[in-house]
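These notes are about the structure you will find just below.
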Amino acid sequence: MIPTSDRLSRWTPAIFVCALVNFGFGLALSVSGFAWPLAPASAPASLAMVHTLTIGWLTLLMFGALFQFVPVITARALPSQIWPLATLIGVESGLVSMIGGFLALGRGGAAALLLPAGGGLVTLAVLLGAGALLVPLIAKRPAPLSARFVLAGLGFLLLTVLLGLAFAVALTVPALGPALGPGLAVLLGDGLGDHVLAGIGGWFTLTAIGVSYELLPMFMLAPHDRGALGVAVLVSGAGGFFVAFGAGLGGIISPGGGVWLAEQIGRLAIVLALGLYLLDVARLYRSRRRQQIELHNRAAIGAFVALGLAVLLALGAVAFGHLTALAPTLVLLLLLGWLSGLGVTQLYKIVAFLAWLSRYGSQLGRHPVPRVQDLVNEPGSRGVFALYFASVAIAALAAMLGWPEVTRAALALTLLAVALLAREYLRAWRAHYARAAKPAPDRPLPIPPPQGARR
Amino acid sequence: MTPSPATLREDGAREALRDVIDPELGYNIVDLGLVYGIAIEGGVIDVTMTMTTPGCPAQDYIVGGVERRLAEEPGVTGVFVSVVWEPTWSPRCMSAAAKAHFRIREDAP
């Protein structure tokens, strides 16, 4: 917890720490050989790994960032700082219970109940977190574009966790499926695609787009107003994910030509939205007024490239009927390349910024203080970001070629990169580099001297 | 023309505020163009300023920095800071020195 003003989310640093630990644990499950790629994707350890990455890492990361940035977007405070803490505790304890439940699958006994119990706890926790965010989001009129993306993302989060909870119950009590009726039984058996679509697409991607529309212009001094293109991304993206999700569910319960057509229209709208978003991001980078881009935004280009590659690969996979075979590659590109890539790059700046506020904010005006960029070592971190994105690219390529050992080795390098980045975040938080740049207590830190200024 | 005492005091206040930085941009708030106006009456200083973005998490700290720095000036008995959002800040508000530091063209929109 950091003792700060109402504009700061006190529990965001703790949420980021838990998220990073979960990220490392999820990758370690894969690298150790217990989970995919050496084990089947449907193996209990693989399910534990995927949910550690999606709930423990990405969902917590998103909430940590949103608890901090929704008040920035809306200029309104969260209703309480307790809600983020409760969300963290609920998600973390629910995830631990879910992992225990996954590992107990097929063994029977009371331990199997850990899965629906954990799923229920996660559902309650994200409802609480979403509620804390909805208060300022709904109060803001007119809602800015980035806030609308977040609202849409939260809607899909709700769909994702409710569907996931239904899976948890069905996996734990297999007899329940048929008892609920044939349509619902099929849904619980075949609805995985919709669960993934709502989670990776609706929740993570729409929210990441919204946050990026706030952070990228702010840090690069680019125009905030995304104009008609930004609105088109929102309408096409949120609409596309919703239509594809609805048609996917409808197709499972009651297959038909109309449902199939709606699903294709939804998919096309998603591709259009992501294509327009990438065009807009390129426009945003070109129109920046800050010519010298900081490392976190230079490295973020790797995340946008991963998203572009995933869109092209998905198009090809659908066109040639290889979607199932290429699903692991797509998930790697989207989860580790696009979403986690954007996450680790933006954390590099956000952690330094929060560290500055908590450490130097109250000293401002009393004596010279370092800048946020003095808390990081950009030259020393370039190679780490390169290692991260290169290892993810190799892992994705190896997954596409069916080389599980190479995928596993590449993910070991990803884990190494995450560990090195975590060390850099910790150093930024402790002002390690700022201290190193301060040989004497009374010597001013390297504040750039403007022409004509006294220093 | 000899500057009036009031002008001198305002200039002095602006100079003092060059010690306060926007932590994210890492540059002083005067040359960034965040200080819209300074009014001095007796020992009381009223500062009208803005932030680079509404709801900036650093707002309370920057305002606090302005208050603390000006309070150190001789004869100052009170500092009041008003944060406004109109006119909206943009890099056009920066001084020539700040634009040169961030490599922003003088004619940038």
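Throughout, a chain's letter reflects where its sequence line sits, starting with A, and its residues are numbered from 1.
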For this session: Would you mind checking which part of B:Leu70 comes under 4.5 Å of any heavy atom in chain A, side chain (CB onward), backbone (N, CA, C, O), both or neither?
Result: neither

Exercise. Got a second to check how far A:Arg290's CZ is from B:His101's NE2, nearest 0.5 Å?
Worked result: 7.5 Å

Exercise. How many angstroms lie between atom OH of A:Tyr360 and atom CD1 of B:Ile21, to the nearest 0.5 angstrom?
Worked result: 10.5 Å

Exercise. How would you list, by chain and number, every residue that makes a salt bridge (charged side-chain N to carboxylate O under 4.0 Å, His left out) with B:Glu67, sequence neighbours excluded?
Worked result: none

Problem set entry | Neighbour count above 12 (heavy atom, 6.0 Å) for A:Arg430 CZ | no

Exercise. For the atom pair CD (B:Glu24) and CG (A:Leu221), what is the distance rounded to the nearest 0.5 Å?
Worked result: 7.5 Å

For this session: Sort out for me which of A:Glu294, A:Met218, A:Gln373, A:Arg76 touches chain B most, counting heavy-atom pairs under 4.5 Å.
Result: A:Gln373

For this session: Only counting residues at least two apart or in another chain, list the ones meeting salt bridge (charged side-chain N to carboxylate O under 4.0 Å, His left out) with A:Glu214.
Result: none

For this session: Of all the heavy-atom pairs spanning B:Pro57 and A:Val72, show the shortest one and how long it is.
Result: CG-CG2, 3.6 Å

Problem set entry | Over all atoms of both residues, closest heavy-atom pair of A:Ser362 and B:Tyr61 | N-CD2, 4.0 Å

Exercise. Can you tell me how far the CG atom of B:Asp19 sits from the CZ atom of A:Arg366, to the nearest 0.5 Å?
Worked result: 14.0 Å

Exercise. With a 4.5 Å heavy-atom cut-off, do B:Arg68 and A:Leu364 have their side chains touching?
Worked result: yes

Exercise. What is the distance from atom CG of B:Asp22 to atom CZ of A:Arg371, rounded to the nearest 0.5 Å?
Worked result: 12.0 Å

